[in-house]
Amino acid sequence: MPHETVLSEADLIIDKIYGGSRKGNAADDPLPTLLGVDSGAGFRHLGERPGLNTLKLLVLKTNFKNLNWPDHLDQETGLLTYYGDNHKPRDIHDTPRKGNAILRNLYEFAHDTSRTSQFPPIFVFGGTGVYRDVRFLGLAVPSAEGMSHDEDLVAVWRSSPDGIRFQNYRAVMTILDIPRITRQWIRDIQAGNAEESPHAPEEWKKWIKLRKYKPLLSEPRSKVRSRTDQLPSDADDQEIVQTIYKRYCNSPTDFEKCAAEIARMGLRGITRYELTRPWRDGGRDATGGYRIGTGAGSIEVEFSLEAKCYSENNGVGVKELSRLLSRLRHRQFGVMVTTSYLSPQAYNELIDDGHPVIVISAVDIADILKKKIGTAAHIEAWLDRL
């Protein structure tokens, strides 16, 4: 556990854990000593808010556990999805810490290429579950390569427990390919000299001046996911999958529409689908179209979907996969949706032979539904409407 004097001198290194004291209160928070910010909630700042010309730096902290606001870091693409700080009915920008007003200003800067100064570095940290220790996730900038202003910062609707609707921001950011933030630059930032500092990272300066994105990319550990990788380990995610399984385990044919809707939420290019009639079902539970491109220059490719409502102890095997593969025609791809997992033998065959099949397993179902719908209670209501 780093001592405070060490924290105040430390560099920020990707995925390094920074710990505070063990008093069991706000004094355990390492971020005030590490960066000079307060010990408040998700949005921390150094300098006055919300104007960018008065902010010296920002800290975004998340524990990735809030089902209503499912922050997510995709390590393969370097993209962070982060939700704002309006968590109850009121004006979207009228929050105590002015986090959403800050987000609005950050994205206005990002899309105004004439502005190349007075932008605060954004440091992202994730909770570890141990006291108030944090893991450094990287230096973020608003938006992403090729993303327009109506995609990267979107006001989404939510409902309070008593049914009152309100809006909050969903922001997409890029974690830049900067493995280390030096203490020299942190000192210059705190002094108000972030951009003029000789210690400022080149990738950050390229974004400030040119809006050039170089995300921090991570290669997947393996294309073949193990049983453990495909099943949710978090209790809330397990509850989501069990909500689906209990609804359809005795009527698997009814799961087909649910599976197709999950696929449509997870694969944004799906434009249509048609369920196979039960008496014709030979393993292809739905067919549909997936749109690639936009406008007159786009094309539609076809897919076939198979839905398997299995328990977590019953994996989808080679037989079920082969049935789907046998029905794929030229230039089609397959989608396997299961509340369980694809067995190791079937997964290895899928990858080794290069079959064009997307696997949406239990952990993927939980991830899709908590982002698109919310908690298990919200999902129950959604299932009632299907």
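What you see is a predicted model; the values in this text were computed from it and never measured.
- Residues D162 and S160 have side chains that bring a donor and an acceptor to within less than 3.5 angstrom of each other.
- The pair E300-R272 meets the salt-bridge criterion, since a charged nitrogen lies less than 4.0 angstrom from a carboxylate oxygen.
- More than 12 heavy atoms of other residues, nucleotides or ligands lie within 6.0 Å of NE2 in H72, so this atom counts as buried by the packing criterion.
- Neither V124 nor L79 shares a network with the other; the hydrophobic side chains, linked directly or stepwise wherever heavy atoms of I, L, V, M, F, W or Y lie under 4.5 Å apart, form separate groups for each.
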- Report the C-alpha distance between I189 and W185 in whole Å, list the side-chain angles of each, state the deciding distance to 0.1 Å, and finish with yes or no for side-chain contact (heavy atoms from CB on, under 4.5 Å). CA-CA 6 Å; I189 294 170; W185 190 41; 3.6 Å; yes
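- Remark: side-chain polar atoms of N100 are paired, donor with acceptor, to backbone N or O of I92 under 3.5 angstrom.
- For F255, the ring-ring contact (aromatic ring centres under 6.0 Å, His included) partners are Y248, not counting sequence neighbours.
- Remark: R22 is positioned above the aromatic ring of Y131, its terminal NZ or CZ atom under 6.0 angstrom from the ring centre and at most 45 degrees off the axis.
- The shortest non-hydrogen separation linking L176 to E203 is CD1-O, 3.9 Å.
- D188 places no side-chain N or O within donor-acceptor distance of the main-chain N or O of A194, the cut-off being under 3.5 Å.
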- Message: Run the side-chain contact (heavy atoms from CB on, under 4.5 Å) test on S218 and E76 for me, step by step, so that the C-alpha distance in whole Å, both residues' side-chain angles and the decisive distance to 0.1 Å come before the verdict.
- Response: CA-CA 5 Å; S218 298; E76 293 184 29; 5.5 Å; no
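- For the atom pair K372 NZ and M265 CE, the distance stands at 8.5 Å (nearest 0.5 Å).
- With sequence neighbours excluded, no residue satisfies ring-ring contact (aromatic ring centres under 6.0 Å, His included) with Y245.
- Screening residues 337-353 for salt bridge (charged side-chain N to carboxylate O under 4.0 Å, His left out) gives no qualifying pairs among residues at least two apart or on separate chains.
- Rounding to the nearest 0.5 Å places CZ of R331 at 11.5 Å from CD of E302.
- Neither side chain, N66 nor H87, offers a donor N or O lying under 3.5 Å from an acceptor on the other.
- Taking the salt bridge (charged side-chain N to carboxylate O under 4.0 Å, His left out) definition, one finds that R135 meets it with nothing, sequence neighbours left out.
- Looking only at distances, no side-chain donor or acceptor of S251 sits under 3.5 Å from a matching main-chain atom of T253.
- Residue M336 holds its CE atom at 7.0 Å from NZ of K308, rounded to the nearest 0.5 Å.
- Using a 30° and 60° split on the angle between ring planes, H93 and Y169 fall in the tilted class, from 30° to 60°.
- Interatomic distance, CG of L103 versus CD1 of I122, reported as 8.0 Å (0.5 Å rounding).
- Here V301 pairs with Y290, I292, I299, F333 under the side chain to side chain contact (heavy atoms under 4.5 Å, CB included) rule; sequence neighbours left out.
- W207 carries R211 over the face of its six-membered ring, with the cationic atom under 6.0 Å from the centre and within 45° of the normal.
- Salt-bridge formation is not detected for the pair E320/R323: no Lys NZ or Arg NE/NH1/NH2 atom is positioned less than 4.0 Å from an Asp or Glu carboxylate oxygen.
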- Query: Are R97 and D38 close enough, and set up right, to give a salt bridge (Lys or Arg N to Asp or Glu O under 4.0 Å), and what steps lead you there?
  - Reply: CA-CA 11 Å; R97 303 183 69 84; D38 61 19; 2.8 Å; yes
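- Within a 6.0 Å sphere centred on CD of Q184, other residues, nucleotides and ligands contribute more than 12 heavy atoms.
- Between K65 and D236, no side-chain nitrogen of the basic residue sits less than 4.0 Å from a carboxylate oxygen of the acidic one, so the salt-bridge criterion is not met.
- When the side chains of ILVMFWY residues are joined at heavy-atom separations under 4.5 Å, either directly or via intervening members, I351 and V318 end up in two distinct hydrophobic clusters.
- Residues D29 and K61 are not paired through a salt bridge, judged by the lack of any N-O separation under 4.0 Å between the basic side chain and the carboxylate.
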- Query: Between V37 and F123, does a side-chain contact (heavy atoms from CB on, under 4.5 Å) hold up when you go through it step by step?
  - Reply: CA-CA 11 Å; V37 295; F123 299 118; over 6 Å; no
- Message: For a side-chain contact (heavy atoms from CB on, under 4.5 Å) check, start with the C-alpha distance between V363 and D229, then their side-chain angles and the critical distance, and finish with the verdict.
- Response: CA-CA 8 Å; V363 71; D229 291 335; over 6 Å; no
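- Atom CZ of R115 sits in a crowded spot, with more than 12 heavy atoms from other residues, nucleotides or ligands closer than 6.0 Å.
- L46 places none of its side-chain heavy atoms less than 4.5 Å from the side chain of L35.
- The shortest side-chain heavy-atom distance between F136 and I14 falls under the 4.5 Å cut-off.
- Judged by distance alone, the side chain of T174 and the main-chain N or O of S143 form a donor-acceptor pair under 3.5 Å.
- Here the side chain of T54 pairs no donor or acceptor atom with the backbone of G47 at under 3.5 angstrom.
- Apart from W69 itself, the hydrophobic cluster it occupies contains Y83, V154, V156, F166, where clustering links Ile, Leu, Val, Met, Phe, Trp and Tyr at side-chain heavy-atom distances under 4.5 Å.
- A distance-only check finds no donor-acceptor pair linking the side chain of E256 to the backbone of A286 [under 3.5 Å].
- One finds the OG atom of S361 at 12.0 Å from the CD atom of E312 (value rounded to the nearest 0.5 Å).
- Residues V172 and L217 fall into different hydrophobic clusters, defined by Ile, Leu, Val, Met, Phe, Trp and Tyr side chains chained together at heavy-atom separations under 4.5 Å.
- Judged by distance alone, with hydrogens and angles left aside, the side-chain atoms of S21 form a donor-acceptor pair with the main-chain N or O of A27 at under 3.5 Å.
- Residues that satisfy the salt bridge (charged side-chain N to carboxylate O under 4.0 Å, His left out) test with D364, not counting sequence neighbours, are R225.
- A distance-only check finds no donor-acceptor pair linking the side chain of N86 to the backbone of D94 [under 3.5 Å].
- Across all their heavy atoms, L34 and A10 have their closest contact at CD1-CB, 4.3 Å.
- Through side-chain heavy atoms spaced under 4.5 Å, either directly or across other Ile, Leu, Val, Met, Phe, Trp or Tyr residues, L231 is tied to Y341.
- Qualifying side chain to side chain contact (heavy atoms under 4.5 Å, CB included) partners for E380, counting only residues two or more places apart in sequence or in other chains: T243, R247.
- In this view, F43 and Y82 satisfy the ring-ring contact (aromatic ring centres under 6.0 Å, His included) rule, not counting sequence neighbours.
- Rounding to the nearest 0.5 angstrom, the gap separating the OG1 atom in T116 from the CD atom in E195 is 7.5 Å.
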- Stepwise salt bridge (Lys or Arg N to Asp or Glu O under 4.0 Å) test for E9 and R187: CA-CA 9 Å; E9 298 296 322; R187 291 196 188 99; 2.5 Å; yes
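- Linking Ile, Leu, Val, Met, Phe, Trp and Tyr whenever their side-chain heavy atoms come within less than 4.5 Å puts I365 and L386 in one cluster.
- Checking side-chain atoms of D28 against main-chain N and O of G20 turns up no donor-acceptor pair under 3.5 Å.
- The ring-ring contact (aromatic ring centres under 6.0 Å, His included) search around Y310 returns none, not counting sequence neighbours.
- Using a 4.5 Å heavy-atom threshold, the side chains of L324 and H355 count as separate.
- A donor-acceptor pair is defined here as one N or O able to donate and one able to accept, closer than 3.5 Å; no such pair exists between the side chain of D237 and the backbone of A366.
- Residues meeting the side chain to side chain contact (heavy atoms under 4.5 Å, CB included) test with A26, sequence neighbours left out: S39, R132.
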